[in-house]
Amino acid sequence: MTRAITILTENFADWETALFNSTARLYYGFYTQFATPGGLPVTSSGGMLVTPQLALEDISLDELDLLMVCGGSIWQSGKAPDPGALLRAARDQGVVLAGICDGTRVLAQAGVLDKVRHTSNGAANLRETGYAGAALYQDVPWAVADDGIVTAPGTAPVSFTREVLRSLGIDDDNLASYLAMHGAEHGQASRAPLVA
């Protein structure tokens, strides 16, 4: 069974990893877990209270396939945890790493984006971290996957889900159809007239 852990923090952005976790658990049988600093309950930016299965500090990389960092306002504050050593160890063990929105800042700070193509909410968002991978930044509005690392701006949960699953070896017709349904809304929304 594929095992995935998502790191959540106080005020995490609910929408960013929800599609992935739901799709992976319900349709592909993943064992999904959530970890927070100290294993404490956290409240999302939308007010959803989440009680995690484990503490960030207790994450074991044994038999772990995916370690994902959800975005949230804490990653640009002085209150952010530092999972850098865990992320570097996961990378060394071949665990797929994924970060969306300000979760990409965490990957940059850990040094795991220094040698792979990647994206974020904007180049300046990562430049502030002092990382060494700026030359490989991709200025695109969708997820980017390279060598087992997936990054995305916070506005791209659909392509993020696709690229994370592809990085884990899942890329079937059912997935393509399912994600096309979710992505179709964006094309329609860009053509819809604004109602005052």
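We find the CH2-SG distance between Trp15 and Cys101 to be 6.5 Å, quoted to the nearest 0.5 Å. Within the model, atoms OG1 of Thr161 and CD1 of Ile100 stand 7.5 Å from one another, a figure rounded to the nearest 0.5 Å. The distance from the CG atom of Leu66 to the OG1 atom of Thr32 is 10.5 Å, given to the nearest 0.5 Å.
Contact check for Glu128 versus Gln76: side-chain heavy atoms found under the 4.5 Å cut-off. Put simply, the side chain of Thr2 does not reach to within 4.5 Å of the side chain of Tyr31, judged on heavy atoms. Between Phe30 and Ile170, some side-chain heavy-atom pair lies under the 4.5 Å cut-off. At least one side-chain heavy atom of Ile7 sits less than 4.5 Å from a side-chain heavy atom of Leu56. Contact check for Pro83 versus Val106: side-chain heavy atoms found under the 4.5 Å cut-off. Side-chain contact check for Thr6 versus Gln33: every heavy-atom pair is 4.5 Å or farther apart. At least one side-chain heavy atom of Leu113 sits less than 4.5 Å from a side-chain heavy atom of Leu126. In this structure, the side chains of Leu97 and Val150 stay at 4.5 Å or more apart for every pair of heavy atoms.
Side-chain contact annotation: Asn11 with Ser45, donor-acceptor N/O pair under 3.5 Å absent.
Listed by first and then second residue, the ring-ring contact (aromatic ring centres under 6.0 Å, His included) pairs involving residues 79-124 are His118-Tyr131, His118-Tyr137 (not counting sequence neighbours).
Between Tyr178 and Tyr27, the gap from one ring centroid to the other is short of 6.0 Å.
Heavy-atom neighbours of Asp173 CG from other residues, nucleotides or ligands within 6.0 Å: at or below the threshold of 12.
The main-chain N or O of Leu19 is never found under 3.5 Å from a side-chain atom of Ser22 such that the two would form a donor-acceptor pair.
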